[in-house]
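All heavy atoms count here, side chains included; hydrogens, waters and symmetry mates do not.
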Amino acid sequence: MAQNQTAAEVRTGTAQGAVLRPGRAADPVPDKAALAANQNTQQDSASVSKSVSRGDAGSGVKEEPGKGEEQADKEPDVGAESPEQTKPMLAESRQRKLRLMLRQCDRVLLMDFELLAMNDWPDNFSVATARRSRDLWVFSALVAAVVFLSGLTGIVPAWVAGGGFGAFIIIVLLGIPVVRRVYTSAPSYLDLLLKRQRLMRDARKHAEHLEGKEGLIWQCARMADYNPALKNTRFSNLLRLSEQKALPRALSRREHVRLYLIYLLEAEKAYSRVQAAFLEGNQEAIDEGWQAAVAQPEDRT
């Protein structure tokens, strides 16, 4: 029994030693380390191959941006050349447009302000006063004529009829312009009417001269960008009549002529600004060497 127990203890110790003692041949640690080393080696080789492939790919990608940069360098050159080519064309087009505006509206410089303003126009008070004097003259002449005719029929005495006849002759003489100027310098009602007609006729004739065959102010409307006052709606009827070449005949009242004069003054302001812009653009074209855009306004007719 004792021997059996001793043998069992030896077997048990041997078995336990095989499990607990490191460094035996049955210990799996060296095998795992080898496996780990093999895995690390494979991973290193895979990483190297990937890095090589990425390096190749990276070199290809680097070459593409290089080409893109060259193209980008070339594109700005093209973009920089195109504005240089278009600037002279734009300047020439702008100068041509301004020159056309100046040529179409140059007759505005022929405007006679005094003739269109009609400062000597008889006012309504003077006309009313002259009309009242005219009515009094006519009434006095009629009364004297009635007295004279009444004496012929015997209604009034003969001396009264004779006095009425003499008064009638004197009143009629006082109405004659030559005699009237002897005792008064105030114009008569007929004189004021004739003066109004003369001023209106001269204004219409001058407007007809300015408008010409093509019409003036509707062509000046193209300069509205340089003077926004030309876009006012109160000038719409004048522009329409000018385009239809019927404006001078439509100027029948002083208010129409004054409105026409206001438009011409605004057009003259716009003309000055267009002329300044044209000369400035011409000087710029000379400085830049754009010979195609260099020009002078055409002679006015």
Stepwise side chain to side chain contact (heavy atoms under 4.5 Å, CB included) check, Val257 with Leu199: CA-CA 11 Å; Val257 179; Leu199 292 175; over 6 Å; no
message: Going by salt bridge (Lys or Arg N to Asp or Glu O under 4.0 Å), name the pairs with one or both residues in residues 122-150, residues two or more places apart or in two chains.
response: none
- prompt: Is the backbone of Leu115 close enough, under 3.5 Å, to the side chain of His206 for a donor and an acceptor to pair up by distance?
  reply: no
message: Quick check: do Arg107 and His209 have side-chain heavy atoms less than 4.5 Å from each other?
response: yes
field: Listed partners of Ser140 passing side chain to side chain donor-acceptor pair (under 3.5 Å), at least two apart
entry: none
- prompt: Is any side-chain heavy atom of Arg196 less than 4.5 Å from a side-chain heavy atom of Leu192?
  reply: no
Side chain to side chain donor-acceptor pair (under 3.5 Å) involving Arg222 - partner list, sequence neighbours excluded: Gln104
message: Is it the case that the side chain of Tyr271 and the backbone of Leu109 share a donor-acceptor pair, with hydrogens and angles ignored and the cut-off at 3.5 Å?
response: no
task: List for me each residue that meets side chain to side chain donor-acceptor pair (under 3.5 Å) alongside Glu211, sequence neighbours excluded, and say none if there are none.
output: Ser242, Tyr260
Sequence neighbours excluded - disulfide (SG to SG under 2.5 Å) pairs with any residue from residues 109-218: none
task: Please examine the side chains of Ile171 and Val143, heavy atoms only from C-beta on, and report whether any two atoms are closer than 4.5 Å.
output: no
- line: Rounded to the nearest 0.5 Å, the CE atom of Met223 sits from the CD atom of Gln275 at a distance of 10.5 Å
message: Around atom OH of Tyr183, are there more than 12 heavy atoms from other residues, nucleotides or ligands closer than 6.0 Å?
response: yes
- prompt: What is the distance from atom CZ of Phe113 to atom CG of Asn119, rounded to the nearest 0.5 Å?
  reply: 6.5 Å
- request: List the atom of Tyr226, the atom of Val274, and the distance in Å for their closest heavy-atom pair.
  value: CD1-CG2, 3.5 Å
query: Quick one: are His256 and Leu259 in side-chain contact, heavy atoms under 4.5 Å?
result: no
query: Who passes side chain to side chain donor-acceptor pair (under 3.5 Å) against Gln197, sequence neighbours left out?
result: none
field: Of all pairs that satisfy disulfide (SG to SG under 2.5 Å), the ones with a partner from residues 221-270, not counting sequence neighbours
entry: none
May I have the list of side-chain donor-acceptor pairs in residues 243-251 shorter than 3.5 Å, sequence neighbours left out?
none

task: Mind running side chain to side chain contact (heavy atoms under 4.5 Å, CB included) on Arg198 and Lys195 for me, showing each step along the way?
output: CA-CA 5 Å; Arg198 178 176 56 80; Lys195 186 175 182 179; 3.6 Å; yes
field: Euclidean distance, Gln219 CD relative to Arg103 CZ, rounded to 0.5 Å
entry: 8.5 Å
message: Please say yes or no: joined through hydrophobic side-chain contacts below 4.5 Å, possibly via intermediate residues, are Val138 and Leu136 part of one cluster?
response: no
- prompt: Yes or no on side chain to side chain contact (heavy atoms under 4.5 Å, CB included) for Lys231 and Asp225, after CA distance, side-chain angles and deciding distance?
  reply: CA-CA 9 Å; Lys231 299 179 181 179; Asp225 295 337; 3.9 Å; yes
field: Shortest non-hydrogen separation from Leu264 to Val108 and the atoms involved
entry: O-CG2, 3.6 Å
query: Side-chain heavy atoms under 4.5 angstrom apart, residues restricted to Ile, Leu, Val, Met, Phe, Trp, Tyr: same cluster for Trp137 and Val179?
result: no
- prompt: If you round to the nearest 0.5 Å, how far is CD of Glu280 from CG of Leu98?
  reply: 10.5 Å
message: Looking at Thr129, is its backbone amide N or carbonyl O close enough to the side chain of Ser133 to form a donor-acceptor pair, meaning the two atoms are under 3.5 Å apart?
response: yes
- prompt: Hey, does Ile169 have a side-chain heavy atom less than 4.5 Å from the side chain of Phe148?
  reply: no
- prompt: Pairs in or reaching into residues 199-256: which pass disulfide (SG to SG under 2.5 Å), with residues at least two apart or in two chains?
  reply: Cys105-Cys220
- line: Here the pair of heavy atoms bringing Ala117 nearest to Arg258 is O-CD, 3.8 Å
statement: Taken to the nearest 0.5 Å, the spacing of Leu100 CG from Phe278 CZ works out to 11.5 Å
- request: Kindly work out whether a path of hydrophobic side-chain contacts (I/L/V/M/F/W/Y, heavy atoms less than 4.5 Å apart) joins Phe139 to Val146.
  value: no
Side-chain atoms of residues 232-240: list all donor-acceptor pairs with protein atoms under 3.5 Å, sequence neighbours left out, distances to 0.1 Å.
from   : atom 1 : to     : atom 2 : distance (Å)
Asn232 : OD1    : Arg234 : N      : 3.1
Ser236 : OG     : Thr233 : O      : 2.8

- request: Report the residues that fulfil side-chain contact (heavy atoms from CB on, under 4.5 Å) with Leu190, sequence neighbours left out, ordered by chain and then residue number.
  value: Ser188, Leu194
- prompt: disulfide (SG to SG under 2.5 Å): which pairs involve residues 223-282, sequence neighbours left out?
  reply: none
message: Assigning hydrophobic clusters by single linkage (Ile, Leu, Val, Met, Phe, Trp, Tyr; side-chain heavy-atom cutoff under 4.5 Å), is Ile170 placed with Val182?
response: no
query: Same hydrophobic cluster for Tyr189 and Met200, using side-chain heavy-atom links shorter than 4.5 Å among ILVMFWY?
result: no
message: Do Met111 and Leu261 make a side-chain contact, defined as non-hydrogen atoms from C-beta onward lying under 4.5 Å apart?
response: yes
